[in-house]
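In this chain, numbering begins with 1 at the start of the sequence shown.
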Amino acid sequence: QVQLVESGGGLVQAGGSLRLSCAVSARTFSRFAVGWFRQAPGKEREFVAAIRWSGYPTNYADSVKGRSTISTDNAKNTVDLQVNSLKPEDTAVYYCAARYGYGLEYSRLQYEYWGQGTQVTVSS
């Protein structure tokens with residue numbers, strides 16, 4: 001019913017930027033929200049940012065707030081995550097997730113659909 005495919009990961013030096021993209025396929029985008037999560041080796045999967053399909057509201061984790069932007073592109077059916085001023089601690093597999101419902105959620109337990117993930121590695 002819902003399929004998500006992430007892309008845009010890679011190797012970047014600290015201070016650089018990346019733009020991750022999540023291609024979304026769904027029956028309907030009504031009451032639809034998309035979130036980005038990341039998981040570093042040996043760590044739990046953590047919330048990064050979320051957005052409703054309409055483009056608002058948005059929610060950001062403190063770790064990326066101020067240097068990240070999550071946005072929707074309805075023409076392309078994608079949700080993008082722009083991360084600037086990358087730090088080594090940003091290194092992780094980044095996952096796109098989606099859910100039906102109201103509002104925004106930061107818990108991974110609230111998201112039913114998940115992509116395969118894309119690796120982001122930040123060198124110092």
Side-chain angles (χ1 to χ4, degrees):
Q1 181 180 9
V2 176
Q3 294 183 348
L4 309 169
V5 180
E6 304 96 330
S7 62
L11 176 63
V12 184
Q13 291 186 343
S17 300
L18 275 179
R19 187 177 180 87
L20 307 180
S21 182
C22 175
V24 182
S25 178
R27 293 179 58 195
T28 178
F29 293 97
S30 178
R31 300 183 298 106
F32 195 74
V34 177
W36 281 95
F37 294 78
R38 67 186 184 185
Q39 187 167 22
K43 303 291 185 179
E44 294 185 358
R45 191 169 300 183
E46 66 177 5
F47 170 79
V48 177
I51 188 171
R52 296 204 63 81
W53 194 252
S54 60
Y56 67 93
T58 59
N59 190 21
Y60 297 92
D62 290 340
S63 59
V64 300
K65 187 177 182 180
R67 59 189 181 96
S68 296
T69 302
I70 187 170
S71 61
T72 59
D73 188 333
N74 294 332
K76 298 179 180 179
N77 286 156
T78 62
V79 176
D80 298 334
L81 178 69
Q82 175 76 29
V83 185
N84 303 319
S85 302
L86 284 162
K87 308 172 183 179
E89 50 263 43
D90 292 322
T91 296
V93 176
Y94 284 69
Y95 296 90
C96 181
R99 64 181 297 272
Y100 287 104
Y102 298 98
L104 293 175
E105 300 289 343
Y106 58 85
S107 173
R108 60 182 174 85
L109 300 178
Q110 298 297 316
Y111 289 83
E112 180 179 359
Y113 308 100
W114 292 84
Q116 82 290 344
T118 184
Q119 176 70 49
V120 173
T121 303
V122 183
S123 61
S124 60

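Val120 is connected to Val79 through a chain of hydrophobic side-chain contacts under 4.5 Å among Ile, Leu, Val, Met, Phe, Trp and Tyr, so both are in one cluster. Under a hydrophobic-cluster definition in which Ile, Leu, Val, Met, Phe, Trp and Tyr are linked whenever side-chain heavy atoms come within less than 4.5 Å, directly or via other members, Phe37 and Ile51 are assigned to different clusters. Side-chain heavy atoms closer than 4.5 Å link hydrophobic residues (I, L, V, M, F, W, Y) into clusters, and following such links, even through other members, never connects Leu104 to Val34.
Looking only at distances, a side-chain donor or acceptor of Ser54 sits under 3.5 Å from a matching main-chain atom of Tyr56. Between the side chain of Thr91 and the backbone N or O of Val122 there is at least one donor-acceptor pair closer than 3.5 Å. Although no hydrogens or angles enter the test, the distance criterion places no donor-acceptor pair under 3.5 Å between the side chain of Gln82 and the main chain of Thr69. Proximity of a side-chain donor or acceptor of Tyr106 to a complementary backbone N or O of Tyr60 within less than 3.5 Å is not detected.
The side chain to side chain contact (heavy atoms under 4.5 Å, CB included) check on Ser25 picks up Gln3, with sequence neighbours excluded.
The one candidate from Tyr102, Tyr100, Tyr111 that meets the ring-ring contact (aromatic ring centres under 6.0 Å, His included) condition with Phe32 is Tyr100.
Atoms OH and OG1, on Tyr94 and Thr118 in that order, are 10.5 Å from each other to the nearest 0.5 Å. Rounding to the nearest 0.5 Å places CD1 of Ile70 at 6.0 Å from CG of Leu81. Put simply, CG on Leu109 and CZ on Arg45 are 11.0 Å apart, with the number rounded to the nearest 0.5 Å.
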Mind listing the side-chain donor-acceptor pairs of residues 9-23 below 3.5 Å, one per line with the distance, residues two or more places apart or on another chain?
unit_1, atom_1, unit_2, atom_2, d
Ser17, OG, Asn84, OD1, 2.9
Arg19, NH2, Asp80, OD2, 3.0
Ser21, OG, Asp80, OD1, 3.0

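In this structure, Ala33 and Arg52 approach most closely via the heavy-atom pair CB-NH1, 4.0 Å. Leu4 and Cys96 get closest at one heavy-atom pair: CD1-O, 3.5 Å. For the pair Asn59 and Phe47, the tightest heavy-atom approach, listed with the atom from each and the gap, is O-CZ, 3.6 Å.
Among pairs with a residue in residues 89-111, those fulfilling salt bridge (charged side-chain N to carboxylate O under 4.0 Å, His left out) read Arg38-Asp90, Arg67-Asp90, at least two apart in sequence or across chains.
The environment of OH in Tyr113 is crowded: more than 12 heavy-atom neighbours from other residues, nucleotides or ligands sit within 6.0 Å.
Note on ring orientation: taking the six-membered ring where Trp is involved, the planes of Tyr95 and Trp114 are perpendicular (angle over 60°, cut-offs 30° and 60°).
By the 4.5 Å heavy-atom criterion applied to side chains, Glu46 and Gln39 are not counted as neighbours.
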